[in-house]
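Per chain, numbering begins at 1; letters A, B, ... match sequence-line order. Model, not experiment: these values are computed from the prediction.
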Protein chains: 2
Amino acid sequence: MRARLSDIAQQAEVSEATVSRVLNDRPGVAPETRQAVLTALDVLGYERPARLRKRSAGLVGLVVPELENPIFPAFAQVIESTLAQSGFTPVLCTQTAGGVTEDEYVEMLLDRQVSGIVFVSGLHADTAANHDRYRALIGRPLPIVMINGYAPGIAAPFVSCDDREAAELAVAHLVALGHRRIGLITGPDRFVPVQRKVAGWRAAMTRLSGLPAAELDSLAELTLFGVEGGEAAAGRLLERGVTGLVCGSDLMALGAIRAARQRGLSVPADLSVVGYDDSPLMAFTEPPLTTMRQPVAAMAVAAVRALVDEINGHAAPHSEYSFRPELVVRGSTAVAGATAGADRPGRQQPAPPAVVVPA
Amino acid sequence: MRARLSDIAQQAEVSEATVSRVLNDRPGVAPETRQAVLTALDVLGYERPARLRKRSAGLVGLVVPELENPIFPAFAQVIESTLAQSGFTPVLCTQTAGGVTEDEYVEMLLDRQVSGIVFVSGLHADTAANHDRYRALIGRPLPIVMINGYAPGIAAPFVSCDDREAAELAVAHLVALGHRRIGLITGPDRFVPVQRKVAGWRAAMTRLSGLPAAELDSLAELTLFGVEGGEAAAGRLLERGVTGLVCGSDLMALGAIRAARQRGLSVPADLSVVGYDDSPLMAFTEPPLTTMRQPVAAMAVAAVRALVDEINGHAAPHSEYSFRPELVVRGSTAVAGATAGADRPGRQQPAPPAVVVPA
DNA sequence: GGGAATCCTGAAAGTTCTTGCCAACCGGCG
DNA sequence: CGCCGGTTGGCAAGAACTTTCAGGATTCCC
């Protein structure tokens with residue numbers, strides 16, 4: 001049996017009339033009385049009308065694919081604090097293997113009446129996915145913003161790091177160190193950022209490495225994201241004689257370093273590795289990872305600003321904001337052909353400060 | 001003016017009686033008619049009662065303090081997938097500096113009618129916080145489970161890693177390597193896990209190190225969580241001649257290693273460092289970090305199982321489930337007095353497999 | 001200290017919603 | 001064709017909720 005007004009009135013020691021006033025958010029009730037009624041409401045498990053729920057507006061969904069790659073917690077953290085500064089309450093939704101899918105999360109967020117949704121590396125980055133889901137959201141209308149990925153025909157702001165440029169800069173860095181056989185390790189081909197990195201790598205290799213185009217195909221390994229994928233792919237590429245590797249994520253780069261070590265090779269003396277993301281802790285790895293930094297904070301601020309503008313009715317430009325990656329030179333890249341242990345006696349001494357080379 | 005039953009009946013082209021039947025979820029209404037009424041409800045913006053909202057049940061809040069320390073994403077990921085397997089939809093809430101507080105998140109979760117809440121390292125671990133908030137939740141009643149922290153007088157299941165044991169094992173490991181002046185670096189004193197680590201460290205030091213009790217006080221540094229806190233504290237302890245350090249988190253351990261390097265010391269030759277958590281990527285750090293592993297998966301499963309039991313009305317024991325930490329020996333600890341570069345020529349070769357020493 | 005204005009509250013009157021009953025309608029089936 | 005089960009509308013009684021109105025408390029001003 002559901003609680004009735006009379007029950008609540010009894011619990012709060014007021015009259016039914018007062019309870020009714022509180023429930024309908026009408027004036028003429030003292031704040032303490034109002035609070036007492038609300039408390040009684042909760043005690044008896046009475047369902048509050050929506051208007052009494054604080055900030056039911058101001059909720060923003062944040063959908064990220066996973067938390068294992070530290071770049072995603074990093075994005076989540078920055079976006080959340082930026083949203084909070086704008087007065088919105090973030091609701092973080094992360095997919096898990098065999099768990100809740102992006103669509104299910106979106107449905108839940110719609111039920112919860114969110115004001116907008118930020119997608120980080122979601123299905124919008126997957127060319128094999130149907131993007132009608134996003135058009136449906138925009139049509140409701142519900143403001144959405146996409147980070148790292150692009151799909152044509154979706155009238156929403158896109159915020160991306162320039163993957164193509166990142167791959168080109170990584171290749172250029174390795175070429176400048178004397179490398180020529182430079183492999184690429186990244187994720188499955190259906191993802192937009194992967195395609196862009198492949199394009200950038202291929203363009204830079206064609207321009208700078210002097211390798212014949214036919215040979216390039218054998219130096220690109222598209223594998224699973226994560227340490228293990230990088231490890232497996234690096235193993236295959238090392239057999240093809242690469243001395244430099246451009247990786248699509250820092251985790252893949254760590255996997256590649258592990259693969260090299262397992263073959264008795266030293267990084268960076270025998271193999272130079274460039275990561276991608278500059279996710280947290282990469283300065284503490286062995287060796288400290290040279291990587292392409294995504295400007296996470298700037299991207300988060302841009303995404304939140306665009307979303308807030310849309311929420312407030314000021315349509316943001318529905319184009320792609322492209323952010324420049326920075327090359328962060330640490331210890332995983334070195335001049336090609338340097339011998340292990342010669343002038344690099346391990347990294348026992350204080351690590352040299354990272355050199356940041358803006359694009 | 002709010003929509004009335006008669007308006008909805010008109011919109012759906014049915015009678016008021018039918019609308020009333022649908023609203024109260026009573027039998028005797030054809031599925032198509034029911035759907036038509038629900039549609040009319042949404043068209044007119046009538047607020048549906050909770051029971052008609054899709055999957056409003058099955059939502060579980062997951063409150064974590066931050067995402068910067070990788071142990072928290074790790075917990076979140078495992079708990080989320082465990083919850084998903086039990087048919088619950090996790091809602092992850094992370095606090096951010098200057099952003100949403102734990103209480104605000106809890107209030108939002110209550111509004112969203114969650115079935116339960118999991119707190120990871122929340123205010124329940126803070127002895128300076130008022131724990132009435134948790135008693136109020138339990139009184140609603142709402143099932144809650146706490147991870148890593150304990151507060152007496154809260155009738156909820158607690159799931160913790162045995163901090164005291166972890167600190168003792170870490171000290172024992174360092175003592176076995178010949179260290180005697182072993183410092184402790186951990187967070188502010190008001191947190192339960194900190195107090196327990198201090199107690200464990202003190203007990204083990206008294207038993208094993210031979211140092212006078214009076215001297216111990218100067219070897220414990222309570223500082224801020226995070227890399228910078230560890231760095232600062234390690235600097236102070238190095239001046240007091242420690243050769244081994246037990247740290248309250250992996251991030252602090254990384255900070256401690258950085259502090260040692262900045263003073264020209266080598267880890268582990270001049271200073272051995274033990275972390276805590278075995279958060280992801282710690283096998284890739286320089287040097288690979290010796291650390292006390294929290295059994296994250298086991299703890300998550302236990303916490304979720306307890307919560308699901310409570311949600312289903314089978315009260316779980318309201319005591320503390322204490323999980324044993326494991327010592328994971330990697331490269332940041334070595335025999336005391338070993339000279340830099342002598343028998344440890346850097347870690348250029350494949351890292352030896354980590355040795356896991358269960359408690 | 002008194003009086004008036006204001007705010008808050010409860011009783012009662014008024015409105016909306018729920019429920020039970022029954023008849024009407026519809027389609028399937030013997 | 002007529003029976004039958006399921007569905008729906010009409011109606012009315014009554015329950016639940018809202019609003020009105022007047023009384024009581026508080027405060028402020030003189």
Side-chain angles (χ1 to χ4, degrees), chain A residues 1-59 110-113, chain B residues 1-59 103 107-115 132 136-137 139-142 313:
Chain A
M1 189 58 193
R2 215 172 79 192
R4 288 189 296 263
L5 284 210
S6 54
D7 301 326
I8 298 158
Q10 203 177 341
Q11 172 78 25
E13 297 180 333
V14 297
S15 71
E16 287 185 36
T18 304
V19 176
S20 177
R21 276 189 276 262
V22 172
L23 282 176
N24 294 288
D25 215 14
R26 302 189 159 275
V29 181
E32 311 85 70
T33 312
R34 187 179 296 273
Q35 192 50 54
V37 173
L38 290 174
T39 306
L41 233 54
D42 293 340
V43 168
L44 295 177
Y46 191 94
E47 190 195 354
R48 296 189 186 195
R51 55 177 156 274
L52 288 187
R53 299 189 194 127
K54 295 177 210 161
R55 318 187 178 233
S56 197
L59 220 54
L110 291 177
D111 278 354
R112 302 294 174 284
Q113 309 275 316
Chain B
M1 188 57 192
R2 215 173 81 190
R4 285 191 298 263
L5 284 210
S6 55
D7 301 326
I8 297 157
Q10 204 177 343
Q11 172 77 25
E13 297 180 331
V14 296
S15 71
E16 283 187 40
T18 304
V19 176
S20 179
R21 276 190 274 261
V22 171
L23 281 176
N24 294 288
D25 215 14
R26 309 194 147 269
V29 181
E32 309 87 69
T33 312
R34 188 179 295 274
Q35 191 51 53
V37 173
L38 290 176
T39 306
L41 233 53
D42 293 340
V43 168
L44 295 178
Y46 191 93
E47 192 193 352
R48 295 186 183 201
R51 55 175 157 270
L52 293 185
R53 294 194 200 124
K54 307 164 224 166
R55 322 186 177 228
S56 197
L59 221 54
D103 286 340
E107 205 161 327
M108 185 202 74
L109 291 171
L110 292 177
D111 280 353
R112 300 293 173 285
Q113 308 274 320
V114 292
S115 308
D132 286 344
L137 289 176
R140 290 176 69 91
L142 182 82

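- As rounded to whole Å, 17 Å separates atom C1' of dG10(C) from atom CD1 of Ile8(A).
- Between Arg4(A) and Val19(A) there is no side-chain heavy-atom pair separated by less than 4.5 Å.
- One atom, CZ of Arg34(B), and another, P of dT7(D), lie 10 Å apart when rounded to the nearest Å.
- Leu5(B) has its CG atom 13 Å from the P atom of dT18(D), to the nearest Å.
- Residue Val29(A) is in sugar-phosphate contact alone, with no base atom involved, counting any heavy-atom pair closer than 4.0 Å across all strands shown.
- For Gln10(B), the CD atom is loosely surrounded, since the number of other residues' heavy atoms within 6.0 Å does not exceed 12.
- Protein atom CZ of Arg4(A) is 13 Å distant from nucleotide atom C1' of dT18(C), rounded to whole Å.
- Among the atoms of the strands shown, only primed sugar atoms or phosphate atoms (P, OP1, OP2) are found under 4.0 Å from some heavy atom of Glu13(B).
- Nucleic acid contact class of Val19(A) (heavy atoms, under 4.0 Å, all strands): none.
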Show me the protein contacts with nucleotides 25-28 of chain D, counting only N or O atoms at under 3.5 Å.
none

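- Atom C1' of nucleotide dT18(C) and atom CG of Asp25(B) are separated by 15 Å, given to the nearest angstrom.
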Within the sub-3.5 Å range, which N or O atoms of nucleotides 19-23 of chain C have a protein N or O partner, and how far apart are they?
| from | atom 1 | to | atom 2 | distance (Å) |
| --- | --- | --- | --- | --- |
| dT19(C) | OP1 | Arg26(B) | NH2 | 3.2 |
| dT19(C) | OP2 | Arg26(B) | NE | 2.9 |

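- No engagement by Ser6(A) is indicated, since no non-hydrogen atom pair under 4.0 Å with the nucleic acid exists.
- Tested against Leu23(A) for a side chain to side chain contact (heavy atoms under 4.5 Å, CB included), the candidates Leu5(A), Val37(A), Thr18(A) yield a single pass: Leu5(A).
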